[in-house]
Amino acid sequence: MRVLIQLRPSPDLVAAVADPTMVATTSDVSDGLPGVVLDHSFTPVAVPRPVPASPSGDPLSLNQPLVYSMAPDDASVVLRGEVSDDEVNIRMSLLPGRRDVVAVYADPVIETSLTCGGNPPVGDWHDVERLLRVSELLAEGLDGSGVTLAVTDTGINAAHVARRLGRGMTIDQDRSWTPSGVAGSPGEFAVDHGSMCAFDALIAAPQASLIDIPVLLSERPGGSALDGLLSDAVAAFAHLRTVLDAQPAATRSLVVTNSWGSFSPRWDFAPGHPGNYSDNPAHPFNLIVGSLAEAGADLLFAAGNCGRDCPDGRCAYPDRPISGANSHPKVLSVGGVDITGERVGYSSQGPGRLTERKPDICAYTHFAGSRAFGEESPDSGTSAACPVAAGLVAAIRTQWPAARLSPGQLRTLLRRSADDRGELGYDYDYGYGIVDVAGIIGALRSRADRAA
Amino acid sequence: MDLALRKLGLTKQDVDLGYGLIPLDPDKGSYGMRVTPEAAAKLAAEGHDFEGPWSDPRIEPFGPPR
């Protein structure tokens, strides 16, 4: 927990801190406090003492006319630090009175209002291209060439995607797959969510070959036009296993982006029931996910749009909305940030149901991109963040097939190189942080040098 | 599929033939099929060699946020 520590050191030191012509550091004010990691990048701040304006005033009351004294004998100094989450209560009670400490206060994160559904786009896809350092990826030869990237969604309209990108794209017709009863050909589906995902995946991996899997178009009584059943995803992943197994082991790579999930426990058995999906690693879909990842596929799932700040209206889990395969230990669960690096308010927070540390990482969303939903509508949701990250993974796979860098190693690389946000270290808002291409490239170079 | 139906004592009306028999884990010889609620209850009552029934929840796109 981040804290502010108020101290009353010697008057000389208070005077030095209060003097704008002098530079006092945290080390000048304190040589350390037990159980507190002091933030030495924070410049100490002098805080005035409220003094009653009337000589007969109550020295303990703030509800009277006051003057604020910066006199060295009155003022105090504030430092910034961090206390371990499991020691907050004991440190807050023991520190005051020791080593000049007057009081310890919480230092909550203050935020501008977060981006929510319905807000206009924040930046455009060229900003995302810049933030993902695509030019550097291309210079490294990491453009997705020869890499297969499956988009399990509502189907892709390749003409729309190519038009919006301003360049050609490739749909792998032979390895695409359509659920039983769904009409249409790969790459020729109506412009919708799946086209957005394809567009966003191609930002970082322009040469990747896309497999079109319109799993959310399956038709069944009572279903809407854009939803499916988990059993359709089971069948789709079984197909993807055959795709993966058919590749030569030495060059095997398959990236699968999944911008969907279950909003509600209503259609599931309750947690604890042997047939449950959301919390049950033994459910067949969770098994097939683990099996596909083990066989060499990189699986990315959107964390979901049930963030506490502005959740999607369909969110019905009372807590822990990252459920089922979206929280599987062998997938990357992707949260969303806008191009300023702030978490979008709808991005689901952890802990996850199958694995606590979800989301894993964050990627960019809520930018003007594919225009799949109209000229003014952003590519949004963790639905956009997931393929943005998947495109980056596909770019890496150009020269780093699974035989050279296993899916588990790649997940670790993305987590370790991520740009840490929010709380220090892992947190349930940002996971390990925002994907950081500079860190990834550096780590890959080091790995290549070690292997040489 | 025919072999699976015979082994489980089911008819073609009990299952989704369009969905078919899906290999879940080919290394372990594990397969899945979509059955009617009545067939699931029958399988459970007769104690056949199978696991489940498993929930088959609705899945939806995570965007745009509504």
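- For A:Asp200 (side chain) and A:Cys197 (main-chain N/O), no donor-acceptor pair under 3.5 Å exists by modelled atom type.
- With a 4.5 angstrom heavy-atom cutoff, A:Arg266 does not touch chain B via any of its atoms.
- Here CG of A:Asp360 is found 9.0 Å from CG of A:Leu300. Values are rounded to the nearest 0.5 Å.
- Judged by distance alone, with hydrogens and angles left aside, the side-chain atoms of A:Asp379 form no donor-acceptor pair with the main-chain N or O of A:His366 at under 3.5 Å.
- The backbone N or O of A:Asp268 lies less than 3.5 Å from no partner atom in the side chain of B:Ser55, so there is not a single donor-acceptor pair.
- The aromatic rings of A:Phe301 and A:Phe237 lie tilted to each other, with the angle between the two planes from 30° to 60°.
- Applying the ring-ring contact (aromatic ring centres under 6.0 Å, His included) test between B:Phe62 and each of A:Tyr346, A:Phe263, A:Trp260 identifies A:Phe263 as the sole match.
- The closest donor-acceptor contact from the side chain of A:Asp312 to the backbone of B:Arg66 lies under 3.5 Å.
- Only the backbone of A:Pro311 comes within less than 4.5 Å of a heavy atom of chain B; no side-chain atom from C-beta onward does.
- At distances below 3.5 Å, at least one donor-acceptor pair connects side-chain atoms of A:Asn326 with backbone N or O atoms of A:Ala302.
- At distances below 3.5 Å, at least one donor-acceptor pair connects side-chain atoms of A:Gln349 with backbone N or O atoms of A:Arg308.
- Residue A:Asn258 does not touch chain B at all, counting heavy-atom pairs closer than 4.5 Å.
- Interface residue A:Asn276: only backbone heavy atoms are found under 4.5 Å from chain B.
- Heavy atoms closer than 4.5 Å to chain B are found in both the backbone and the side chain of A:Ser231.
- For A:Ser327 against A:Gly352, the heavy-atom pair with the smallest separation is CB-CA, 4.0 Å.
- Close approach to chain B, defined as a heavy atom under 4.5 Å from one of its heavy atoms, is seen in A:Ala282, A:His283, A:Pro284, A:Ile288 of residues 281-288 of chain A, taken by number.
- In terms of modelled atom types and a separation under 3.5 Å, the side chain of A:Asn280 and the main chain of A:Pro271 share no donor-acceptor contact.
- Counting heavy-atom pairs under 4.5 Å between each of A:Ala384, A:Ser259, A:Gly261 and chain B puts A:Gly261 at the top.
- In this structure, chain B has heavy atoms under 4.5 Å from both the backbone and the side chain of A:Phe269.
- For chain A, the option among B:Gly20, B:Gly32, B:Pro65 with the highest count of heavy-atom pairs below 4.5 Å is B:Pro65.
- Contact of A:Tyr277 with chain B is made through backbone and side chain together, with heavy-atom distances under 4.5 Å.
- Across A:Ser380, A:Ser348, A:Gly117, the residue that shares the most heavy-atom pairs under 4.5 angstrom with chain B is A:Ser380.
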